[in-house]
Visitor: 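Sending over a structure as structure tokens; questions will come in a sec.
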Amino acid sequence: MAQTDSNWADRYREKWTWDSVTWGTHSVDCYPGGCPFRVYTKNGRIVREEQASIHTPIEAGIPDRNPMGCQKGACWSHCHYSQDRITTPLKRAGERGEGKWQEVSWDEALTDIADAMLDAIEEQGPESIITPLTPEVGAQPARLFNRVLGTPTSDGNAEFQDFSPGWHLTWGVFNPTSSMDDWFLADLTLIWHANPVYTNIHWYHYLAESRYNGGEIVTIAPDYSASATHADYHQPIRIGTDAALALSMCKVIIDSGLYQKQFVQEQTDLPLLVRKDNGRFLRGNEVYDWDREDQFFWWNTLNGSLTSAPRNTLALLDVDPALEGTFKVTLSDLSEIEVEPVFQLLKRHLEDYTPERAGEICEIAPDNIRKLARKVATRKTKIFIGWNSGKYYHGDLMERAMALLLGLTGNWGKKGTGTRSWAIMGMDGDAFMARKPGPGQEAAQKHIASMIAMRKLVSVNDPTMTPEMVQNRAAEVASELGGMGNMIPPAFLWYYQFGYKERWNDPENNDPTMKRSFDEYVNEAIEKGWFGDRASKVFQHVEPRVFFESGGNVLRRQRGGQKQLLKHLWPKLKMIVSVDYRMTTTGLHSDYVLPAAQHYEKLVHSMMSVHHLRFVLGDKATEPLGDSLPDVEIGFRLVEKIEERAAKRGLTEFKDCEGNVRSLVGLSDQLSQGGALREEEVRFDEAIRDNAVYGLLPKGTTLETLREKGAVRFTSWGSIGHGISQGSSIRPDEIHTPMRWHVEDKVPYDTLVRRAQYYIDHDWFIEAGEALPTHKEPTNQGGAQRRFLMTSGHNRWSIHSMNMTNNILLNTHRGEPFVFINDDDAVGLGIENGDKVRMTSNAGTMLIQAKISPSVRPGQLIVYNGFEPYMHEEHYSQADLEPGHVKHLGLAGGYGHLTYRAFSWQPIPADRAVRCDIEKVMD
Amino acid sequence: MPDNKKSKRQLAWVYDLNKCIGCQTCSVACKMLWNNEEEGADHQWWMTVNTKPGAGTPRGWESMGGGYDAKGKLHFGRLPTPEEFGGGWDFNYDDVLRGGKGRSAHLKKISGSKTWGMNWDEDEGGGEFPNAYFFYLPRMCNHCTDAACVEACPSGAMFKRESDGLVLRDEDACTGSQQCASACPYKKIYFNEARGVSQHCIGCFPRLEQGVAPVCVRQCPGRAAFVGFLDDENSAVHRLVAKHRVALPLHPEFNTTPNVFYVPPLAPAPLREDGSWDENASRIPPNILEDLFGTEVHGALEVLRSELDKKRRGKESKVMDELILYQWKDCLGHLTRDPAEIVWKRS
Ligand code: SF4
Ligand code: SF4
Ligand code: SF4
């Protein structure tokens with residue numbers, strides 16, 4: 001009788017054995033993951049990994065989050081040994097993009113690169129060396145030179161276009177985001193501009209479980225997405241009309257008196273008074289000679305008088321601010337004017353958004369709008385949003401309208417409510433490593449003490465500043481943030497040097513309601529110095545010479561397409577470097593490709609994620625394959641080579657564009673505290689120990705602690721990154737809910753009016769008719785006459801283009817890029833499932849395979865992002881169809897919270913709802 | 001019915017289709033453990049997740065035949081072709097990345113099926129916009145109680161393990177006749193061309209022996225999978241299948257008495273002609289679910305709906321709590337050991 005006590009069975013048993021187990025995680029922005037894994041190694045080779053499943057819930061009554069992970073993570077080790085892995089430095093041996101390589105030594109590669117960098121510095125200054133910020137944190141140390149040479153890093157918000165401008169306009173912060181276990185607690189979840197079944201595989205269960213717990217799930221999307229399949233209601237919506245839906249719900253809520261009056265009065269600008277003569281907020285210095293320009297007013301109905309809205313608290317002390325009514329006010333020049341609360345203006349504005357009218361705009365049954373509005377008004381509601389809305393040209397308006405819906409219904413600052421998108425904290429220990437006065441934790445203590453003292457100075461003239469404001473102002477003046485070098489909003493660089501001037505001035509791609517030419521707005525923003533000369537003026541004359549990409553893939557990512565870069569940027573570049581563990585499309589077009597260690601071959605940690613609040617260790621399971629090196633080692637070797645080559649040409653210092661003198665001597669020592677923190681493990685341990693000093697991690701945490709436990713929970717936000725944007729403290733025994741400082745402690749917001757601000761009386765916003773959240777039609781970007789609207793979003797099988805070429809994962813879908821098209825549309829065009837098609841817009845064209853489904857909205861084409869351009873015939877991808885426009889209002893500044901700091905307010909490109917055509921291609 | 005030696009106990013799986021998100025972590029985890037870089041196994045996916053409605057893998061498997069008729073007579077169905085299984089793709093990486101060919105070479109398949117893949121019709125589904133519908137169906141060998149494959153095997157290589165009811169194959173005795181694959185109505189048996197043997201899900205038996213759950217369950221981030229002995233009153237599997245009756249076998253009419261069970265899918269309310277929601281209608285046509293899970297599906301859905309309703313009214317629901325899975329370990333049955341604890345004494 002055959003049984004399992006024989007040879008064949010032993011072969012299987014042998015397969016599931018190993019020599020050693022290490023902790024692993026993926027130091028990437030999987031929105032952001034940080035799943036703890038165990039990595040199994042046998043005979044010096046990593047054989048597989050499996051989720052560690054070590055989580056215990058911190059708050060009773062909430063499911064744990066095991067076995068947090070995803071299919072990418074479950075075969076990450078396969079990428080260590082896959083055929084696109086790079087293990088030797090490669091020097092271009094043919095034309096750029098040809099794919100001919102010569103294997104060279106590290107020394108040869110770094111010498112060439114260092115020489116090119118020094119040439120660039122001597123010719124035009126460090127500003128001609130561009131490093132884009134990339135979402136792969138593990139790759140960041142390869143760019144160590146950023147921290148000492150003053151070379152610019154283009155801001156990630158624009159670079160990978162992950163910003164929610166509407167949240168910023170409303171709350172003055174990056175994304176306030178709950179930890180994902182909070183999803184479980186919502187009574188109503190609107191999955192809106194998000195597809196978590198694809199993008200939040202590791203956490204999605206909290207949504208399914210919230211439904212099982214009695215919560216309702218509604219998806220709002222043009223198509224019947226994978227996430228819609230698990231909803232209670234799915235509301236299809238015409239592409240790009242979401243603001244109209246939100247505003248109509250707001251109207252229903254106000255008309256039926258379902259809004260939360262006290263929340264509105266206390267937390268928002270809706271009771272603030274606006275002048276009827278000019279549509280501006282009534283300001284302090286208009287009423288009293290001695291008062292501030294940024295003092296705003298209420299009408300107190302308790303005593304019928306004009307009252308200053310306090311700048312130091314949101315609390316309503318002996319005041320009941322009017323939401324409606326028109327009042328007379330005498331100004332300091334004794335003239336009399338009429339004022340009214342924003343709420344009243346809003347009510348008039350919403351007349352345009354009856355469910356019937358909005359129903360037409362959105363192609364939604366008016367009854368559904370009413371039904372949904374009532375649900376939102378009567379339940380703990382969370383808008384589960386991704387980063388889709390911000391990628392629409394008028395995404396800011398959609399988000400502002402959604403924020404209005406939440407504000408009217410009191411839906412933030414408590415569990416199971418709010419919005420979400422994505423947020424990270426900073427790794428203070430790493431960022432401050434070179435800045436503290438020496439190695440060791442005593443030095444870290446001194447550093448934090450001096451930082452606290454400096455921050456006190458920021459608020460010396462305004463004692464009403466909140467900690468959030470202090471940190472944000474400090475970030476605005478800091479030349480370097482988070483150790484990432486000089487962060488610049490890249491819009492101006494793109495405008496002058498990447499060929500976008502022409503494109504952004506093409507009226508076909510712009511909002512037809514834009515009053516002036518794009519150029520005029522750019523010039524005004526520059527003249528008024530809204531973004532600082534360093535970011536806005538330098539690139540009028542400095543041409544990029546060196547482009548250094550580490551862990552990113554600009555030729556896949558750039559909205560506007562690779563063609564744009566290859567035509568306008570590439571010819572200016574003398575040196576293009578790609579640091580990666582695999583060959584990307586950018587690598588293919590680089591002069592050098594430098595092999596980085598893979599994630600299980602070096603010490604990494606998870607992204608510092610607000611979503612899971614854990615510092616997760618990824619240990620070194622094996623030595624890096626071939627000649628590949630940990631990123632930090634690459635970073636140091638390059639810096640040391642720069643020093644060596646500079647010395648050789650007798651160059652000891654140089655000036656940057658602002659006239660600062662920068663040294664070329666002792667750079668490595670500066671970064672490593674005189675060599676004490678040069679080595680990978682020592683450095684990693686030091687960052688962890690310092691994090692414990694800075695309060696991010698429990699006291700006394702070391703690398704050893706992490707090797708024992710795999711992960712530890714954060715204890716505070718630290719002083720860089722988006723932590724402070726959360727407006728809540730991390731509590732040791734509770735899930736994280738943002739904005740509690742405001743709602744519970746009545747701490748003001750960091751906006752111009754210090755309240756959630758729906759009314760933006762900036763000249764440009766008034767000119768654009770966008771002082772209040774409003775609906776505007778999608779633009780004609782891509783070409784007015786084209787029949788389809790292309791939407792996109794993250795796919796299920798890769799993190800950006802990372803893992804996309806993993807042949808295990810390729811086998812779980814079509815194995816090549818495809819576009820989803822509606823079945824009726826396909827029939828009309830004679831396109832069959834699997835056909836080769838060409839898609840075209842006014843920006844470019846690409847070849848792709850058609851995939852047909854009735855889930856797709858008629859007139860919609862869905863191309864999920866992440867395919868390597870080299871997976872397409874001809875190598876052009878969906879980015880080549882995107883004009884890559886930015887909305888001109890992103891250039892607005894000089895207005896309260898509309899000011900630049902890293903990862904914050906700036907122009908970001910739109911790539912959703914690009915107009916294009918599609919046709920079948922015969923082979 | 002066959003005279004298979006019945007097992008003493010039966011290990012069973014439950015997949016909750018309202019939690020399954022089609023992420024393929026189960027499939028990938030299984031592939032990584034058993035079929036990665038294995039000779040002749042490129043195309044093998046013992047665990048697969050497909051979109052329903054859809055042809056799945058092997059393409060159109062439901063109409064290929066096999067299993068037993070109502071009288072208990074074994075039927076040999078059709079052997080799926082490699083093309084129908086699909087996939088098994090490798091790609092021309094060198095050509096594109098190091099071949100010096102620039103834009104004239106792009107990454108493409110250089111082996112395997114030309115027309116299909118293990119998840120080729122992902123997210124296509126059925127219906128008509130705006131009332132399209134689909135859901136995910138994870139599939140593995142059902143370790144059937146009346147395993148057609150075992151009866152069909154001419155060489156006595158296949159057997160049902162007494163201790164836990166796993167259906168396994170002695171690969172040293174297998175002659176590669178593929179009768180098992182013809183007889184299996186679920187078409188979950190692959191052929192290893194290089195080694196001349198058939199292969200299918202082994203229930204991660206080396207893990208079970210160490211008290212560790214199979215990877216498809218232990219790695220499922222959707223927390224949609226459960227494993228345990230069917231008769232173990234302490235296992236969630238037992239409660240979901242036998243007590244709450246919300247988990248049903250797939251295609252019971254194949255008469256092999258499968259031991260993988262499914263919590264059937266709910267779906268959002270469909271839209272009426274005027275675009276308004278019709279809460280009383282079903283988006284997924286009931287006959288589609290009946291075809292898959294038999295008529296009992298209506299009762300199971302009814303239980304789900306009424307238990308959901310309890311929760312919505314603020315009442316307790318044991319069924320919902322079970323499916324919420326407050327403590328992940330509860331989906332592992334008796335197989336709760338952490339594999340990372342194991343230290344192998346290897347020579
Ligand atoms: S890739 Fe991200 S989401 Fe997936 S397992 Fe790794 S860390 Fe988790
Ligand atoms: S891992 Fe779980 S959720 Fe993902 S496809 Fe498999 S069964 Fe479904
Ligand atoms: S599913 Fe098929 S292979 Fe598995 S036990 Fe049943 S009949 Fe045999």
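Chain A is the first sequence line, chain B the second, and so forth, proteins listed ahead of strands; every chain is numbered from 1.
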Visitor: For A:Gln235, is it the side chain, the backbone, both or neither that has a heavy atom under 4.5 Å from a heavy atom of chain B?
Guide: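 Both parts, backbone and side chain.
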Visitor: Rounded at 0.5 Å granularity, tell me how far CZ in A:Arg796 sits from SG in A:Cys70.
Guide: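 These two atoms lie 11.5 Å from each other.
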Visitor: Which bit of B:Ala224 comes within less than 4.5 Å of chain A, counting heavy atoms only: side chain, backbone, both or neither?
Guide: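 B:Ala224 has no heavy atom closer than 4.5 Å to chain A.
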Visitor: Of the backbone (N, CA, C, O) and the side chain (C-beta and beyond), which part of B:Arg313 lies under 4.5 Å from a heavy atom of chain A, both, or neither?
Guide: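 Neither part, no heavy atoms under 4.5 Å.
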Visitor: Any side-chain donor-acceptor pair under 3.5 Å between A:Asn833 and B:Glu124?
Guide: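 Yes.
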Visitor: What part of B:Val215 gets within 4.5 angstrom of chain A, counting heavy atoms only: side chain, backbone, both, or neither?
Guide: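 For B:Val215, the side chain is the part near chain A, not the backbone.
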Visitor: With only heavy atoms counted, which part of A:Glu49 is less than 4.5 Å from chain B, the side chain, the backbone, both or neither?
Guide: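 Looking at A:Glu49, backbone and side chain both touch chain B.
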Visitor: Verify the distance criterion only: is there a donor paired with an acceptor across the side chains of A:Ser227 and A:Asn195 at less than 3.5 Å?
Guide: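 Yes, A:Asn195 and A:Ser227 have a side-chain donor paired with an acceptor closer than 3.5 Å.
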Visitor: Quick check on A:Ala93 against chain B: is it the side chain, the backbone, both or neither that has a heavy atom closer than 4.5 Å?
Guide: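 For A:Ala93, neither part sits under 4.5 Å from chain B.
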Visitor: Between B:Cys204 and chain A, with a heavy-atom cut-off of 4.5 Å, which part of the residue counts as in contact: side chain, backbone, both or neither?
Guide: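 When you check distances to chain A, no heavy atom of B:Cys204 falls under 4.5 Å.
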Visitor: Checking heavy atoms, do the side chain of B:Trp45, its backbone, both or neither come under 4.5 Å from chain A?
Guide: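 Side chain only.
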Visitor: Do any N or O atoms from the side chain of B:Asn18 and from the backbone of A:Ala208 form a donor-acceptor pair under 3.5 angstrom?
Guide: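 Between the backbone of A:Ala208 and the side chain of B:Asn18 there is no qualifying donor-acceptor contact (under 3.5 Å).
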Visitor: Considering only heavy atoms, which portion of B:Asn131 lies under 4.5 Å from any heavy atom of chain A: side chain, backbone, both, or neither?
Guide: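 When you check distances to chain A, no heavy atom of B:Asn131 falls under 4.5 Å.
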Visitor: Please classify the contact of B:Leu271 with chain A as side chain, backbone, both or neither, using a heavy-atom distance under 4.5 Å.
Guide: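 Only the side chain of B:Leu271 comes within 4.5 Å of chain A.
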Visitor: Any chance the side chains of A:Asn795 and A:His813 put a donor and an acceptor closer than 3.5 Å?
Guide: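 Side-chain D/A pair, A:Asn795 to A:His813: absent.
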Visitor: Just how far is it from atom OG1 of A:Thr812 to atom CH2 of A:Trp797, taken to the nearest 0.5 Å?
Guide: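 Rounded to the nearest 0.5 Å, the OG1-CH2 separation comes out at 7.5 Å.
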Visitor: Are A:Arg48 and A:Glu50 within salt-bridge range, i.e. N to O under 4.0 Å?
Guide: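 Salt bridge flag = yes for A:Glu50 with A:Arg48.
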Visitor: So for A:His872, is it side chain, backbone, both, or neither that comes closer than 4.5 Å to the heavy atoms of chain B?
Guide: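 For A:His872, the contact with chain B is made by the backbone alone.
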Visitor: Is the closest basic N to carboxylate O distance between B:Arg312 and B:Asp309 below 4.0 Å?
Guide: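 No salt bridge links B:Arg312 with B:Asp309.
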Visitor: Looking at A:Arg11 and B:Asp172, is there a salt bridge between them, counting it only when a charged N and a carboxylate O are closer than 4.0 Å?
Guide: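 Salt bridge present between B:Asp172 and A:Arg11.
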Visitor: Is chain B contacted by the side chain of A:Gln51, its backbone, both, or neither, given a heavy-atom distance below 4.5 Å?
Guide: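 Contact with chain B involves both backbone and side-chain atoms of A:Gln51.
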Visitor: Determine, using ring centers only, whether A:Trp16 and B:Trp344 are less than 6.0 Å apart.
Guide: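 Judged by ring-centre distance (under 6.0 Å), B:Trp344 and A:Trp16 do meet the cut-off.
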Visitor: If the contact rule is any heavy atom under 4.5 Å from chain A, which residues of residues 93-102 of chain B qualify, in numerical order?
Guide: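 B:Tyr93, B:Val96, B:Leu97, B:Arg98, B:Gly99, B:Gly100, B:Lys101, B:Gly102, listed by number.
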Visitor: Could you give the distance from CD (A:Glu873) to CD (A:Glu816), rounded to the nearest 0.5 Å?
Guide: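 Going from the CD atom of A:Glu873 to the CD atom of A:Glu816 covers 9.5 Å.
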Visitor: If I measure from the heavy atoms of chain A, does B:Ile202 come under 4.5 Å with its side chain, its backbone, both, or neither?
Guide: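 For B:Ile202, the side chain is the part near chain A, not the backbone.
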Visitor: Would you call B:Lys318 and B:Glu322 a salt bridge, using N to O less than 4.0 angstrom?
Guide: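 Salt bridge flag = no for B:Glu322 with B:Lys318.
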Visitor: Side chain from CB out, backbone as N, CA, C, O: work out which of these in A:Arg85 comes under 4.5 Å of a heavy atom of chain B, or both, or neither.
Guide: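 Interface part for A:Arg85: backbone (N, CA, C, O).
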Visitor: Check whether A:Ala226 gets within reach of chain B through its side chain, its backbone, both or neither, counting any heavy atom under 4.5 Å.
Guide: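 For A:Ala226, heavy atoms of backbone and side chain both lie under 4.5 Å from chain B.
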Visitor: Below 4.5 Å, heavy-atom pairs only: which of B:Asp90, B:Asn119, B:Ile21 has the largest tally toward chain A?
Guide: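 Maximum pair count with chain A is reached by B:Ile21.
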Visitor: Looking only at heavy atoms and a cut-off of under 4.5 Å, which of A:Ile86, A:Leu588, A:Asn213, A:Asn822 has the most pairs with chain B?
Guide: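 So the answer, after comparing A:Ile86, A:Leu588, A:Asn213, A:Asn822, is A:Asn213.
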Visitor: Relative to chain B, which segment of A:Leu207 carries a heavy atom at a distance below 4.5 Å: side chain, backbone, both, or neither?
Guide: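 Answer is neither: A:Leu207 stays 4.5 Å or more from chain B.
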Visitor: Out of A:Glu216, A:Met68, A:His589, return the one with the most heavy atom pairs under 4.5 angstrom to chain B.
Guide: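 The option with the most such pairs is A:Glu216.
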Visitor: When the ring centroid of A:Trp23 is compared with that of A:Phe37, is the distance short of 6.0 Å?
Guide: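 Between A:Phe37 and A:Trp23, which both carry aromatic rings, the centre distance is not below 6.0 Å.
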Visitor: Examine A:Lys42 relative to A:Trp18 and say whether NZ or CZ is less than 6.0 Å from the centre of the six-membered ring and inside a 45° cone about the ring axis.
Guide: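 No cation-pi geometry.
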Visitor: Ring centres under 6.0 Å, that's the criterion: do A:Tyr81 and A:Trp76 meet it?
Guide: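 No: the rings miss the under 6.0 Å criterion.
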Visitor: So which of A:Gly61, A:Ser20, A:Gly587 has the largest heavy-atom pair count under 4.5 angstrom toward chain B?
Guide: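 Heavy-atom pair counts peak at A:Gly61.
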Visitor: Should the ring pair A:Tyr224 and A:His234 be called parallel, tilted or perpendicular, given that the plane angle runs from 0 to 90° and is split at 30 and 60?
Guide: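 The arrangement is perpendicular - the two ring planes meet at more than 60°.
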Visitor: Look only at the side chain of B:Arg103 and the backbone of A:Glu874, and say whether a donor-acceptor pair between them is shorter than 3.5 Å.
Guide: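 Present.
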Visitor: What pairs with B:Glu128 under side chain to side chain contact (heavy atoms under 4.5 Å, CB included), at least two apart in sequence or on another chain?
Guide: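 Counting only residues at least two positions away or on another chain, B:Glu128 forms no side chain to side chain contact (heavy atoms under 4.5 Å, CB included).
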Visitor: Please classify the contact of A:Thr805 with chain B as side chain, backbone, both or neither, using a heavy-atom distance under 4.5 Å.
Guide: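 Both parts, backbone and side chain.
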Visitor: Check whether A:Val197 gets within reach of chain B through its side chain, its backbone, both or neither, counting any heavy atom under 4.5 Å.
Guide: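 Backbone plus side chain of A:Val197, per the 4.5 Å heavy-atom cut-off to chain B.
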Visitor: Let's test your reading of the structure: which of B:Cys20, B:Pro268, B:Pro339 forms the most heavy-atom pairs below 4.5 Å with chain A?
Guide: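 Most heavy-atom pairs within the cutoff with chain A belong to B:Pro268.
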Visitor: Using a cut-off of under 4.5 Å on heavy-atom pairs, state which of A:Tyr204, A:Phe818, A:Trp203 scores highest against chain B.
Guide: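 The option with the most such pairs is A:Tyr204.
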Visitor: What residue, out of B:Gln327, B:Glu122, B:Arg161, has the most heavy-atom pairs lying under 4.5 Å from chain A?
Guide: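 It is B:Glu122.
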Visitor: Between chain B and each of A:Glu95, A:Arg211, A:His202, count heavy-atom pairs under 4.5 Å; write down the option with the most.
Guide: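 Between A:Glu95, A:Arg211, A:His202, the count favours A:Arg211.
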Visitor: Specify which of A:Lys100, A:Arg38, A:Met871, A:His230 makes the most heavy-atom pairs with chain B at under 4.5 Å.
Guide: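 Looking at each of A:Lys100, A:Arg38, A:Met871, A:His230 in turn, A:His230 comes out on top.
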Visitor: Please report the interatomic distance CG(A:Asp64) to CH2(B:Trp328), rounded to the nearest 0.5 Å.
Guide: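 If we round to the nearest 0.5 Å, A:Asp64:CG and B:Trp328:CH2 are 8.0 Å apart.
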Visitor: Can you tell which of B:Arg272, B:Glu279, B:Lys329 has the highest number of heavy-atom pairs within less than 4.5 Å of chain A?
Guide: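 Of the candidates given, the most pairs with chain A belong to B:Glu279.
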Visitor: Side chain, backbone, both or neither: which part of A:Lys72 has a non-hydrogen atom closer than 4.5 Å to chain B?
Guide: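 Looking at A:Lys72, nothing touches chain B.
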Visitor: Counting heavy-atom pairs closer than 4.5 Å to chain A, which one of B:Asp123, B:Thr48, B:Thr115, B:Leu308 comes out on top?
Guide: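 So the answer, after comparing B:Asp123, B:Thr48, B:Thr115, B:Leu308, is B:Asp123.
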Visitor: Please identify, among B:Lys108, B:Arg218, B:Lys310, the residue contributing the most non-hydrogen atom pairs under 4.5 Å to chain A.
Guide: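 Heavy-atom pairs under 4.5 Å are most numerous for B:Arg218.
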Visitor: Just by distance, no angles: are the side chains of B:Glu307 and A:Tyr212 close enough, under 3.5 Å, to form a donor-acceptor pair?
Guide: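 Side-chain D/A pair, B:Glu307 to A:Tyr212: absent.
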Visitor: Tell me, for A:Asn200 versus chain B, whether the close heavy atoms (under 4.5 Å) come from the side chain, the backbone, both or neither.
Guide: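 Neither; nothing under 4.5 Å.
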Visitor: Check whether NZ of the Lys or CZ of the Arg B:Arg207 lies under 6.0 Å from the centre of the six-membered ring of A:Tyr12 and within 45 degrees of that ring's axis.
Guide: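 Cation-pi check for B:Arg207 and A:Tyr12: fails.
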Visitor: Check whether A:Phe820 gets within reach of chain B through its side chain, its backbone, both or neither, counting any heavy atom under 4.5 Å.
Guide: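 Side chain only.
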Visitor: Taking atom types as modelled, is there a side-chain donor on B:Asp274 or B:Ser276 under 3.5 Å from an acceptor on the other?
Guide: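 Yes, because at least one side-chain N or O of B:Asp274 sits under 3.5 Å from a partner of the opposite role on B:Ser276.
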